[in-house]
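To find a chain, count down the sequence lines: A is the first, B the second, and so on, and within it residues start at 1.
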2 protein chains.
Amino acid sequence: MTHFGKSIRTRREHLHLEDKRFSLRQVAMRIGIEPAYLSKIERGEVSPPSEATTVRLAHELGEDPDVLLALAGKVSGDLQNIIRKRPKLFAELIRQLKEAPDHALLHVVREVRDGEW
Amino acid sequence: MTHFGKSIRTRREHLHLEDKRFSLRQVAMRIGIEPAYLSKIERGEVSPPSEATTVRLAHELGEDPDVLLALAGKVSGDLQNIIRKRPKLFAELIRQLKEAPDHALLHVVREVRDGEW
DNA sequence: TGTCATGTGTATTAACTAGTACACACTTTG
DNA sequence: CAAAGTGTGTACTAGTTAATACACATGACA
């Protein structure tokens with residue numbers, strides 16, 4: 001369905017070429033899930049795992065957790081908490097940025113980082 | 001627990017003073033849930049309802065849906081979809097704005113609205 | 001006084017989430 | 001060859017979500 005599974009399988013197999021520690025079984029064990037479960041996740045037989053498991057998987061595979069969570073159809077809980085504390089401001093800001101081009105977002109990020117307020 | 005229930009009960013009772021159409025039963029019926037369920041929600045006996053139900057309730061009571069969703073511990077699905085399309089940019093932006101004061105957020109909102117990019 | 005509306009207690013539920021457990025067949029590898 | 005490691009099929013499950021259905025006692029009201 002989503003290509004969450006395909007994406008991590010590809011990534012893992014790529015890593016596996018250079019390092020046999022990236023077999024499905026060993027990765028599953030390191031992130032604390034059953035191999036059969038990871039197999040099903042990679043083949044899209046089940047929906048993507050929980051946020052916690054997805055984040056552990058991201059770290060294991062050297063992927064950006066927010067990106068992997070997005071592929072899993074989720075948004076990181078800590079981002080949600082930030083939004084929930086000031087829902088009106090963040091809702092307005094995010095909806096306003098919906099159509100903004102990437103470079104505009106980057107501009108805003110940079111501006112905020114440089115403390116221009 | 002959270003004061004989601006208390007908040008909507010207060011709001012509904014306030015409206016009820018001026019308009020008898022805001023009885024628990026009638027509100028429940030208009031938003032399409034069982035009266036007993038709304039009763040439990042208002043008293044916090046059950047966790048807040050689904051996003052869809054919460055939004056209908058917000059409209060019914062003239063509340064901001066994003067604010068009510070925040071009280072319910074949720075973030076609107078449409079905001080999540082916006083974030084999920086560009087997870088890195090939005091994640092960085094939101095985390096950067098976590099500690100920013102309200103007026104700084106407002107400043108950014110205004111700047112973006114006025115198309116300064 | 002009857003009847004209609006109101007809020008609430010109790011019991012129950014279908015669907016979903018996030019997995020585990022084990023057996024099996026195939027493939028390296030020592 | 002045997003032992004170990006590999007990926008996968010089948011079966012099962014505890015806990016959560018988001019509610020419904022019905023009965024009941026109380027209060028307003030015509």
Side-chain angles (χ1 to χ4, degrees), chain A residues 1-2 4-58 60-61 65 68-69 71-77 80, chain B residues 1-2 4-58 60-61 65 68-69 71-77 80:
Chain A
M1 192 77 260
T2 60
F4 176 86
K6 176 155 288 189
S7 163
I8 67 165
R9 164 146 297 189
T10 304
R11 174 72 177 151
R12 186 184 57 74
E13 283 178 341
H14 181 76
L15 294 170
H16 197 195
L17 293 177
E18 314 251 286
D19 185 342
K20 66 181 189 317
R21 293 180 67 256
F22 285 94
S23 75
L24 184 150
R25 263 168 195 267
Q26 295 193 39
V27 167
M29 282 336 200
R30 282 200 297 278
I31 67 173
I33 62 175
E34 289 291 312
Y37 186 38
L38 180 54
S39 171
K40 277 173 269 194
I41 290 167
E42 290 194 350
R43 286 171 297 124
E45 202 192 289
V46 298
S47 48
S50 68
E51 175 175 342
T53 297
T54 300
V55 169
R56 289 199 306 279
L57 192 50
E60 183 63 34
L61 301 181
L68 208 55
L69 283 170
L71 285 179
K74 301 175 204 276
V75 169
S76 166
Q80 299 200 34
Chain B
M1 193 76 261
T2 59
F4 176 86
K6 176 155 289 187
S7 164
I8 66 166
R9 164 146 297 188
T10 305
R11 174 70 178 154
R12 185 184 57 74
E13 282 176 342
H14 182 77
L15 295 170
H16 197 195
L17 293 177
E18 313 251 286
D19 186 342
K20 67 181 189 316
R21 294 179 65 256
F22 286 93
S23 76
L24 183 150
R25 260 166 199 270
Q26 294 192 39
V27 168
M29 283 334 201
R30 282 200 297 278
I31 66 172
I33 62 175
E34 289 291 311
Y37 185 38
L38 180 54
S39 171
K40 277 172 271 195
I41 291 167
E42 288 194 351
R43 287 172 297 123
E45 201 191 290
V46 298
S47 48
S50 67
E51 176 176 340
T53 297
T54 300
V55 169
R56 289 199 305 278
L57 191 51
E60 182 65 30
L61 301 181
L68 208 54
L69 283 171
L71 284 179
K74 301 175 205 272
V75 169
S76 165
Q80 299 200 33

message = Can you pull out the residues from residues 7-19 of chain A that lie within a 4.0 Å heavy-atom distance of DNA chain D?
response = A/R9, A/R12
Of A/F22 and B/K74, the one whose closest DNA chain D nucleotide lies more 5' =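 On the 5' side of the pair lies A/F22.
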message = For B/A36 and B/P48, find the nucleotide of DNA chain D closest to each by heavy atoms; which residue's nucleotide sits nearer the 5' end?
response = B/P48
[X] [atom1] to [N] [atom2]: how many Å, rounded?
| X | N | atom1 | atom2 | answer |
| --- | --- | --- | --- | --- |
| A/Y37 | C/dT20 | OH | C1' | 10 Å |
| A/E34 | D/dA11 | CD | C1' | 14 Å |
| B/L69 | D/dA18 | CG | P | 12 Å |
| A/R56 | C/dA18 | CZ | P | 12 Å |
| B/E45 | D/dT17 | CD | P | 16 Å |

key: Sugar-phosphate, base or nothing in reach of B/E42, heavy atoms under 4.0 Å   =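 Counting heavy atoms under 4.0 Å across all strands, no contact is made by B/E42.
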request  = Indicate, with a heavy-atom threshold strictly under 4.0 Å, whether B/T53 touches base, sugar-phosphate, or nothing.
outcome  = sugar-phosphate
Residue pair B/V75 / A/V75, side-chain heavy-atom distance below 4.5 Å = no
ask   = Between B/R30 and B/F22, is NZ or CZ placed under 6.0 angstrom from the six-membered ring centre and within 45° of the ring axis?
value = yes
task = With rounding to the nearest 0.5 Å, note down the distance linking CG in A/L57 to CD1 in A/I31.
result = 4.5 Å
